Colleague: 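Supplied in structure tokens, the structure appears directly below.
Nothing here was measured: the structure is a model prediction, and the numbers come from that model. Naming convention: chains lettered A, B, ... in sequence-line order (proteins, then strands); numbering from 1 in each chain.
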2 protein chains.
Amino acid sequence: MKSSNVTIKDIAKLLSISPSTVSRALKDHPDISQTTKDQVNSLAKELNYRPNPIALSLRNRRSNVIGVVIPEIVHYFFSSVISGIEKVAGEHGYSVMVSQSDEKYEREKEVCTTFQHSIIDGILISISKETNDFAHLQKFEDEGIPIVFFDRMIEEFESDRVIINDYEGAFQATEYLIVEGRRRIVHFAGPKNRLISQNRLKGYLEAHKKNGVVIDESLVIYCDEFDKALIETQKIIDSGLKFDAIFTVNDFTAAGVLKTLQKNGIKVPTDVSVIGFGNDYIAEMIEPTLTTVSQPGFTMGERAMEMLINRIKNEKNDPIHTDVLPTKLVLRNSTKPR
Amino acid sequence: MKSSNVTIKDIAKLLSISPSTVSRALKDHPDISQTTKDQVNSLAKELNYRPNPIALSLRNRRSNVIGVVIPEIVHYFFSSVISGIEKVAGEHGYSVMVSQSDEKYEREKEVCTTFQHSIIDGILISISKETNDFAHLQKFEDEGIPIVFFDRMIEEFESDRVIINDYEGAFQATEYLIVEGRRRIVHFAGPKNRLISQNRLKGYLEAHKKNGVVIDESLVIYCDEFDKALIETQKIIDSGLKFDAIFTVNDFTAAGVLKTLQKNGIKVPTDVSVIGFGNDYIAEMIEPTLTTVSQPGFTMGERAMEMLINRIKNEKNDPIHTDVLPTKLVLRNSTKPR
DNA sequence: ATCGAGTGCGCAATCGATTGTAATTTTTTC
DNA sequence: GAAAAAATTACAATCGATTGCGCACTCGAT
């Protein structure tokens, strides 16, 4: 920031009145005469006066900035969340500060510390894969800075949340495979300590039960990255494990699965059906196109920001609230058409 | 931001000294006795005192926040740039505010206006596809807020820049195809008004000249999106146009090309070689894996941020500087192995 | 005993905007 | 025409931190 910016004092000096009068005139305060108001307003417009946001922040003790902590920005899902956040933030005069935790607990703590001694009015966070405690978040609570979790939350930490209906999404995907006639469905699951993975796994299991399909625990494999999927898929093929479908915890993993299946001459979806999770843009680009569970990232961002704004405005009044967003199974060519 | 934060006054009151003494003690000012310094420092530590960044911003007229304007965050390249920016920013005590222009000129102007009347010490920008003038940026210049362009710049606007060697990248890719024996190389080009596309096109053309290959202007097609690539590729196939390679301006377009080629039974790389640009993560996920020109996004972010910090610190002293980052051809399976 | 230098610290202004209260001017009323 | 009421506007404090200037005090030197 540099000089050359018009202040309320400049206007006051030019009109030979006091800064306080200028301030009141600009806010249409009843104490100020119409004549003065007109003078002030026209001069303010002419000089393109804007109140200095920093001065306002200092006085009002609110910065109109919110902090976003996100695991990795390079994921389509997370960047769409950010877009949703930005949209709503902009509409309400908030600016957004984004920091990545890189899925690291230590980094997440650092980022939070920076935000704490900083200027944010509220925080939106999706915790890293490594995060298991919430000491670093407690401080926000203590200082009265509202927190809203999105997508990944800490169950024990009481606060507003926007999450995906992971259970339902996984249930639908699995049930679709079962209805398709699949009986030995492999699940490439996410980290055991993440609620999100637990719920997807639960949906997977429940769909089996509801449809009277026997569950084989050996079909659940913990693998949630592209590179690892290449290896794990090859392993299960080599091991002679029998399977006729694979449901993965995200689309990158599904991409790795598809690639390895095809490399081994296994036809998708003839021999094996594959369903991913996330509806990343790769889902349309890979071959065959990927049937996947769409997560409304943009909507999630919008809702999270709305909840945060509401919490900032209404302080502690409202009870804590959790928004569960519906998923949708997007059918493409990695499953048989119905 | 809420209360409960320790201020310099609180410390002063507790020690029955003046705020100014506390301030000086904390900064190890020689006027203050060691005894007082020790008292202040230990109490500050105990109370976990942090200077209020907003108060500092107001006084110093610098916020230690920099603004980033980016076309679309969902692109791997841009999100890696942001990661690089964030890394260097963090190391130097800067925070980052990110806003997207969504490739729209109007939105870009809005974002810039917000930043202008805001609190940023500098701006990093990659202009939208639609942007042709720079009135909205001139204001930053006028107010002494430094600008650094990354990836996409406005030629007429004098300022620091970090760009990719688009020409060289395109040249290498094209030459590789020529050496491979390709003679009718289609180029899916980006918008004509973008320097970046012009340079890639230039590299494509120059590689032909240098290698004595005749240029057929009908092989240059303006198409830079996945969906459009599906259509355009089908068009050139149906039109009976002869070609034996396709070089695209980005990886999404290449993905569309690959998909359509395979759909039409055209073998890659046997019949047609394909090279993309960007080294997006899809390059490894699609089938066949995509040979592409890697753009060092993370490095670009780092460099841009370093240049901006340097410019903020050294004001107008240094002459304007342009950093040209090298590209690298990443060989994968959409071209013949050498 | 007094002057001068040196030490340690506080006052007050500043950054830009806001707001309770006081002060001034204008208008009204008897 | 003077006092009371109403209408305007100015003063000063505030948000938190910094800093030029000056004050008070100590101590050695003359």
Colleague: Using the side-chain contact (heavy atoms from CB on, under 4.5 Å) rule, pick out the option among B:F157, B:F149, B:F150 that qualifies with B:M153.
Modeller: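 So the option named by the test is B:F149.
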
Colleague: Under 3.5 Å, is there a donor-acceptor pair between the side chain of B:D121 and the main chain of B:I66?
Modeller: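 Looks like no, no N/O pair under 3.5 Å.
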
Colleague: Produce a footprint string for nucleotides 17-23 of chain C: one letter per nucleotide, 5' end first; B if the base is under 4.0 Å from any protein heavy atom, S if only the sugar-phosphate is, - if neither.
Modeller: BBBB---

Colleague: For the residue pair A:N132 and A:Y105, confirm or rule out a side-chain donor-acceptor distance under 3.5 Å.
Modeller: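 Not at all, the side chains of A:N132 and A:Y105 share no donor-acceptor pair under 3.5 Å.
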
Colleague: B:H29 NE2 to D:dC21 P: how many Å, rounded?
Modeller: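 That distance rounds to 12 Å.
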
Colleague: Does A:T36 reach the side chain of A:I17, with side-chain heavy atoms less than 4.5 Å apart?
Modeller: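 Counting from C-beta outward, A:T36 and A:I17 do come under 4.5 Å.
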
Colleague: Please report, rounded to the nearest Å, how far the P atom of D:dT8 is from the CG atom of A:D28.
Modeller: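 These atoms are roughly 13 Å apart.
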
Colleague: So A:S83 and A:S80, side-chain hydrogen bond (donor to acceptor under 3.5 Å, both in side chains) or not? Walk me through it.
Modeller: CA-CA 5 Å; A:S83 298; A:S80 21; over 6 Å; no

Colleague: For B:E108 and B:T131, test the side chains for any donor-to-acceptor distance below 3.5 angstrom and give the result as yes or no.
Modeller: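 Yes, a side-chain donor-acceptor pair sits under 3.5 Å.
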
Colleague: Are any non-hydrogen side-chain atoms of B:F134 and B:E141 less than 4.5 angstrom apart?
Modeller: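 Not touching, per the 4.5 Å side-chain cut-off.
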
Colleague: For A:D10 and C:dC15, give me the distance from atom CG to atom P, rounded to whole Å.
Modeller: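 So the CG-P distance, A:D10 to C:dC15, works out to 10 Å.
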
Colleague: Give me the residues of residues 32-40 of chain B where at least one heavy atom lies under 4.0 Å from an atom of DNA chain D, by number, or none.
Modeller: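 Those residues whose heavy atoms fall under 4.0 Å from DNA chain D, taken from residues 32-40 of chain B, amount to none.
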
Colleague: Both A:L58 and B:S18 contact DNA chain C. Taking the nearest nucleotide for each, which residue is further toward the 5' end?
Modeller: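 Between the two, 5'-proximity favours B:S18.
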
Colleague: I need the single residue from B:E306, B:R311, B:M305 that forms a side-chain contact (heavy atoms from CB on, under 4.5 Å) with B:I309. Which is it?
Modeller: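 Answer to the side-chain contact (heavy atoms from CB on, under 4.5 Å) test with B:I309 among B:E306, B:R311, B:M305: B:M305.
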
Colleague: Could you state the atom-to-atom distance from CD1 of A:I17 to C1' of C:dT25 in whole Å?
Modeller: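 For the pair A:I17 CD1 and C:dT25 C1', the rounded distance is 16 Å.
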
